[in-house]
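Here the structure is laid out as structure tokens; the discussion comes afterwards.
Scope of the values below: all heavy atoms of this structure, side chains included, with no hydrogens, waters or symmetry mates. Small disclaimer: the values here were computed from a predicted structure and weren't measured. If you read the sequence from its start, that first residue is 1, and numbering goes on from there.
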Amino acid sequence: MNKITSINGILLTPQNDFYQHEKNNSAHITEDERTAWNSKAEASEVNSKVSTEAFDAHKADATVHITEEERSQWNAAPKVDESGNMTLAGSLTTTGTYNANGGINIGGPVTFGAVQIPADVLPSLYKAATHYYAYQYEWTRENIIRDFCDGTIITALPDDMPEPAALTALTNGTNLFTLSKLTRLPSSWRFPNLTICTGMFRQSDVDEVTISSTNITSCDTLIYGAAKCRRIHMDFGNVMFLSYMAEGAGLVDFKHNLKNVTNVNNAFMSNKSMVEFGSALPKAMYATNFMSWNFNLKTCRYPVDANGQSIYESGLDQALDAEGNGLYAYLTLPEIVAGGNAFHATQLDLPTALSIINSLRMSADGITGATWELTIGIHVDHKSAPELLAAIEGATHRGWTVTVQWNGTSTSKAKIRQLEKVWCKAVPGETGDYVDQNGTRYIVDWGHLVISKTMKNEELGYSSFDSLDDALDQWGLTKQRTESLI
């Protein structure tokens, strides 16, 4: 059968040859081999591939790759335009030195620490740096605050700003804030070691002064001319001199533990908003112009404890009467020797006036500057009070000259008629309220009653008139001052 080679002309393969071919595994592929070979890339594609080992090494290389955080930072980085300029939408913070060799132009305020320097007064960072250095390191130099806080550089300091060590240790505050435009100091600043505060806030714009030191003995000119200062918070327990302390200031009241002061000349003159003076003055000797021109001053009283002592000195609660009302003591001046114009142009109530006048005593002769004179402005409603007239007469018998002014507007029409005579005199003076036809200013002293040691008012230059208006008409004077005595 192996010999047959064709059938009907079709060539036939020998059976043995076919069998051997079929069993030849080298000449045939399996299904798995076909699938594997079909999955292999062509040579052109293999040339563009790298080994897995090389790829893994590249993938692990952190130097040539960026993180998501880096991508966000770089995307947010400012861009430089074609001219090399860069614009920031937010702030710029540096931890090192910032060099700007070409200069810096500033369109807004600059802040150094707690100090903000407005753009309109800042031509350069040099000026800012200079003032900041002064602010940080030269607090103790006289007038540094006036020079630095001049109203254009800074007018207020942050309330939470700690007190600089130099101010905590400061002992001499002479003129430190003189003419300063600072309106407010941080509440934590207390100047605990001050011994001298002469002129410390003179003519400044500060609205409140706080000093915790107990070492101060003299407050001369402390807030002299500080028209915006409304209150003082400090320990006055050891203070002996208040001359000109608050003349021309804006105090609305004064409630403190004065107990050793001897000199209050001009101390509170022209504090036109003050309505109450709440301190005792048991040792005061000299009080010329003490409260003069305080138009609205009505009472000088202070709350007392169960021992009759000022609560501002004792620290105890105010004593109460049987009806639960607080008890007060009124100002006395038992040691005073000179009180010329002490209460000129005030409107003291009757208890205050009686307390002051009844306390007047004439000490031994020979005291320097003793004049035994007191000028006191009392509200016109009390001009007929018999106890007041008796108190004035009693002081006169004790050697005092008491000049009384009846100020304010009477609440009684019967009293406005002024049936009694009024004693007046006019003296030329630049501070006078009245002018004549030539423009010369006059100071007019007047009152229902003027009593001297000799009871001769004419010798003191006073004349008797039916009323103040009658006196002004005869003298040809008209009122010039705008403030009313109310």
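Put simply, CG on Asp207 and CZ on Phe201 are 11.0 Å apart, with the number rounded to the nearest 0.5 Å. Atom SG in Cys424 sits 7.5 Å away from atom CG in Leu472 (nearest 0.5 Å). The distance from the CD1 atom of Ile357 to the CG atom of Leu389 is 9.5 Å, given to the nearest 0.5 Å. Distance check: Ser270 OG to Met291 CE gives 12.0 Å after rounding to the nearest 0.5 Å. The line from CZ of Phe236 to CD1 of Ile211 is 7.5 Å long, rounded to the nearest 0.5 Å. Between the CZ atom of Arg301 and the OG1 atom of Thr352 there is a distance of 8.0 Å, given to the nearest 0.5 Å.
Under the side-chain contact (heavy atoms from CB on, under 4.5 Å) test applied with Ile356, the options Leu374, Thr332, Ile378 reduce to a single match, Leu374. Test Asn263, Asn260, Thr262 against Lys283 for side chain to side chain donor-acceptor pair (under 3.5 Å) and you get one pass: Asn260.
More than 12 heavy atoms of other residues, nucleotides or ligands sit less than 6.0 Å from atom CG of Asp436. Heavy atoms from other residues, nucleotides or ligands lying under 6.0 Å from OH of Tyr244 number 12 at most.
Shortest non-hydrogen contact noted between Ala329 and Val304 is CB-CG1, 3.6 Å. The minimum heavy-atom distance linking Glu163 with Thr168 is given by the pair OE1-OG1, 3.3 Å. Taking all atoms of both residues into account, the shortest heavy-atom contact from Phe277 to Leu297 is N-CD1, 4.0 Å. The two atoms that bring Val261 and Met240 nearest to each other are CG2-O, 3.3 Å, heavy atoms only.
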#### Entry: Trace of the side chain to side chain donor-acceptor pair (under 3.5 Å) decision for Asn172 with Thr174
CA-CA 6 Å; Asn172 188 340; Thr174 300; 2.5 Å; yes
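Side-chain N or O atoms of Asn257 include none that pairs as donor or acceptor with a backbone N or O of Lys259 at under 3.5 Å. With hydrogens and angles disregarded, a donor-acceptor distance shorter than 3.5 Å links the side chain of Asn265 to the backbone of Thr288. Remark: side-chain polar atoms of Arg230 are paired, donor with acceptor, to backbone N or O of Gly250 under 3.5 angstrom. Side-chain N or O atoms of Ser279 include one that pairs as donor or acceptor with a backbone N or O of His256 at under 3.5 Å. Of the possible polar contacts, none joining the Asn294 side chain to the Thr346 backbone as a donor-acceptor pair under 3.5 Å is found.
Contact of the Val337 side chain with the Trp372 side chain is registered, since non-hydrogen atoms from C-beta on lie closer than 4.5 Å. Between Phe343 and Leu331 the shortest side-chain heavy-atom distance falls below 4.5 Å.
Taking the six-membered ring where the residue is Trp, Phe177 and Phe191 present perpendicular rings, their angle passing 60° and hence far from 30°.
For the residue pair Asn341 / Ser292, no side-chain donor-acceptor distance below 3.5 Å is found, with atom types taken as modelled.
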